[in-house]
K.L.:
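Just dropping this structure here.
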Amino acid sequence: MSFGREARRVREDSLPLSARLRSFTSCIELSQPIGFHSTFSYLETKIQSSWREAEFLEPAMDLLEAERALHLHIDAEYSSLRKVRKIDGFREPLRTEVTPVFPRRWHGDERLGARHTLETMRRLRRGQDLLTLPYGQTVLAAIDLALAGPKQPQLDLDELQSVLDWSRRQVFVVGWADGGDDYRAAWTIHRLLSQLHLLVFEVPPVATPWNFHTS
């Protein structure tokens with residue numbers, strides 16, 4: 001199964017709608033721009049049509065292919081940059097840097113993609129367990145404020161940076177040393193903070209750091 005093959009099947013009018021939809025879901029699973037449910041939510045909003053409607057599929061496929069093409073272009077540029085940096089002695093990218101795959105995003109429409117990712121998470125009640133985890137209430141409260149508020153919500157950036165620093169330390173320095181509970185919690189929080197950052201700020205270029213402190 002390949003993205004190209006499944007994309008061609010999506011556009012084959014002779015196939016039953018159900019078969020074309022299965023191929024489309026395969027394309028989402030293969031590309032995974034912002035997760036399965038979030039991708040459908042994003043596309044329905046952009047196209048103003050339910051995924052159940054026949055007129056949804058081709059424009060949705062156009063958008064998905066455009067995102068994938070931009071992603072692959074950014075990935076190729078990043079690979080070239082990494083080769084140069086390795087020659088200069090920087091063997092591994094910094095954990096604070098943007099890469100083509102993290103934060104996970106809809107390339108070319110990062111802010112709206114992040115909104116749908118976070119809205120889907122809240123709608124499906126994922127992350128409710130964060131309420132009992134370190135910094136969980138802080139992160140969920142900031143997400144809800146950003147989703148409900150203006151383009152530039154009044155977030156406590158110092159507090160969010162502290163949480164981000166904690167999550168990075170737990171994931172990239174401490175790791176599984178504590179048995180894994182804090183590691184798993186920190187990874188979840190780290191991913192959510194990356195989406196919050198995309199929603200509130202412009203996405204930084206690849207190979208540059210992302211933080212809630214801009215200075």
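Keep in mind it's a predicted model, so treat the numbers as computed, not measured.
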K.L.:
Given the rule in the side-chain contact (heavy atoms from CB on, under 4.5 Å) test, do Tyr135 and Leu193 qualify, once you have shown the distances and angles that lead to the verdict?
P.N.:
CA-CA 11 Å; Tyr135 299 113; Leu193 287 176; over 6 Å; no
K.L.:
Looking at Arg123 and Glu119, is there a salt bridge between them, counting it only when a charged N and a carboxylate O are closer than 4.0 Å?
P.N.:
no
K.L.:
Taking the side chain as C-beta and beyond, is there a heavy-atom pair between Arg104 and Gln32 under 4.5 Å?
P.N.:
yes
K.L.:
Evaluate the side-chain contact (heavy atoms from CB on, under 4.5 Å) criterion for residues Trp106 and Leu43: first the C-alpha distance (whole Å), next the side-chain angles of each, then the deciding distance (0.1 Å), finally the verdict.
P.N.:
CA-CA 11 Å; Trp106 193 281; Leu43 290 170; 3.8 Å; yes
K.L.:
Mind listing the closest non-hydrogen atom pair of Leu30 and Ser2 along with its distance?
P.N.:
CD1-C, 3.6 Å
K.L.:
Quick one: closest heavy-atom pair of Gly113 and Ile34, and the distance?
P.N.:
O-CD1, 3.8 Å
K.L.:
Within a 6.0 Å radius of atom CD on Glu55, are there more than 12 heavy atoms belonging to other residues, nucleotides or ligands?
P.N.:
yes
K.L.:
Is it possible for you to say whether Phe24 and Phe36 belong to one hydrophobic cluster, with membership spreading through side-chain heavy-atom contacts below 4.5 Å?
P.N.:
yes
K.L.:
Treating Glu44 as the side-chain partner and Ser50 as the backbone partner, does any N or O pair qualify as donor plus acceptor under 3.5 Å?
P.N.:
no
K.L.:
Atom CD1 in Ile87, atom CZ in Arg85: separation rounded to 0.5 Å?
P.N.:
13.0 Å
K.L.:
Are more than 12 heavy atoms from other residues, nucleotides or ligands located less than 6.0 Å from atom CZ of Phe90?
P.N.:
no
K.L.:
Mind checking the OG-CZ spacing from Ser26 to Arg9? Nearest 0.5 Å is all I need.
P.N.:
8.5 Å
K.L.:
Between Leu196 and Val139, is the side-chain contact (heavy atoms from CB on, under 4.5 Å) condition met? List the steps.
P.N.:
CA-CA 9 Å; Leu196 179 61; Val139 174; 5.8 Å; no
K.L.:
So Asn211 and Arg168, do their side chains get closer than 4.5 Å, heavy atoms only?
P.N.:
yes
K.L.:
Atom CG of Leu17 and atom CZ of Arg52: how far apart are they, to the nearest 0.5 Å?
P.N.:
12.0 Å
K.L.:
Determine the interplanar angle of the Phe40 and Phe56 rings, folded into 0 to 90°, and report it as parallel if under 30°, tilted if 30 to 60°, perpendicular if over 60°.
P.N.:
parallel
K.L.:
Please name the pair of heavy atoms, one in His213 and one in Leu157, separated by the smallest distance, quoted to 0.1 Å.
P.N.:
NE2-O, 4.0 Å
K.L.:
Considering only heavy atoms from C-beta outward, does the side chain of Glu6 approach that of Thr25 to under 4.5 Å?
P.N.:
no
K.L.:
Any side-chain heavy-atom pair from Arg115 and Asp109 closer than 4.5 angstrom?
P.N.:
no
K.L.:
Trp187, Leu192: one ILVMFWY side-chain cluster at the under-4.5 Å cut-off?
P.N.:
yes
K.L.:
Do Leu72 and Val206 share a hydrophobic cluster (ILVMFWY, side-chain heavy atoms under 4.5 Å, transitive)?
P.N.:
no
K.L.:
May I have the step-by-step check of side-chain contact (heavy atoms from CB on, under 4.5 Å) for Met121 and Leu140, ending in yes or no?
P.N.:
CA-CA 11 Å; Met121 181 272 295; Leu140 292 182; 4.3 Å; yes
K.L.:
Donor-acceptor pair, distance only, cut-off 3.5 Å: does the side chain of His197 make one with the backbone of Phe212?
P.N.:
no
K.L.:
Distance check, rounded to the nearest 0.5 Å: His116 atom NE2 versus Thr39 atom OG1?
P.N.:
10.5 Å
K.L.:
Quick one: OG1 on Thr120 to CZ on Arg122, what's the gap to the nearest 0.5 Å?
P.N.:
12.0 Å
K.L.:
For a quick test of reading the model, state the closest non-hydrogen atom pair linking His71 to Pro100 and the distance between them.
P.N.:
NE2-O, 3.2 Å
K.L.:
Less than 4.5 Å apart, side chain to side chain, heavy atoms only: is that true for Arg105 and Gln195?
P.N.:
no
K.L.:
For a 4.5 angstrom cut-off between non-hydrogen side-chain atoms, does Val98 reach Pro205?
P.N.:
no
K.L.:
Using modelled atom types only, decide if a donor and an acceptor are shared between the side chain of Ser194 and the backbone of Arg191 within a distance under 3.5 Å.
P.N.:
yes
K.L.:
For residues Pro33 and Leu64, determine if any side-chain heavy atom of one lies less than 4.5 Å from a side-chain heavy atom of the other.
P.N.:
yes
K.L.:
Kindly say whether Cys27 contributes a backbone atom to a donor-acceptor pair with the side chain of Ser31 at under 3.5 angstrom?
P.N.:
yes
K.L.:
Using only atom types and a distance under 3.5 Å, with no angle test, would you say the side chain of Gln48 pairs donor to acceptor with the backbone of Thr45?
P.N.:
yes
K.L.:
Does the pair Asp62/Arg11 count as a salt bridge with the N-to-O cut at 4.0 Å?
P.N.:
yes
K.L.:
If you measure from OG1 on Thr138 to CD on Glu159, what distance do you get to the nearest 0.5 Å?
P.N.:
4.5 Å
K.L.:
Is a salt bridge present between Arg111 and Glu202, judged by a nitrogen-to-oxygen distance below 4.0 Å?
P.N.:
yes
K.L.:
Looking at Arg82 and Glu97, is there a salt bridge between them, counting it only when a charged N and a carboxylate O are closer than 4.0 Å?
P.N.:
no
K.L.:
Using the test side-chain contact (heavy atoms from CB on, under 4.5 Å), find all partners of Ser80 that sit at least two apart in sequence or belong to another chain.
P.N.:
none
K.L.:
Using a 4.5 Å cut-off on heavy atoms from C-beta on, say whether the side chain of Asp165 contacts that of Gln161.
P.N.:
yes
K.L.:
State, to 0.1 Å, how close Ser38 and Thr117 come at their nearest heavy-atom pair, and which atoms those are.
P.N.:
OG-CA, 3.4 Å
K.L.:
Test of understanding: clusters of I, L, V, M, F, W, Y form through side-chain heavy atoms closer than 4.5 Å, transitively. Do Trp166 and Phe172 belong to the same one?
P.N.:
yes
K.L.:
On a heavy-atom basis, which atom in His107 and which in Ile74 lie closest, and how many Å separate them?
P.N.:
CD2-CD1, 3.4 Å
K.L.:
Apart from Leu198 itself, what residues make up its hydrophobic cluster when side-chain heavy atoms of I, L, V, M, F, W and Y under 4.5 Å apart count as a link, directly or indirectly?
P.N.:
Val203
K.L.:
Any chance the rings of Trp176 and Tyr183 have centres within less than 6.0 Å?
P.N.:
yes
K.L.:
Among residues at least two apart in sequence or on other chains, which ones pass ring-ring contact (aromatic ring centres under 6.0 Å, His included) with Phe102?
P.N.:
His190
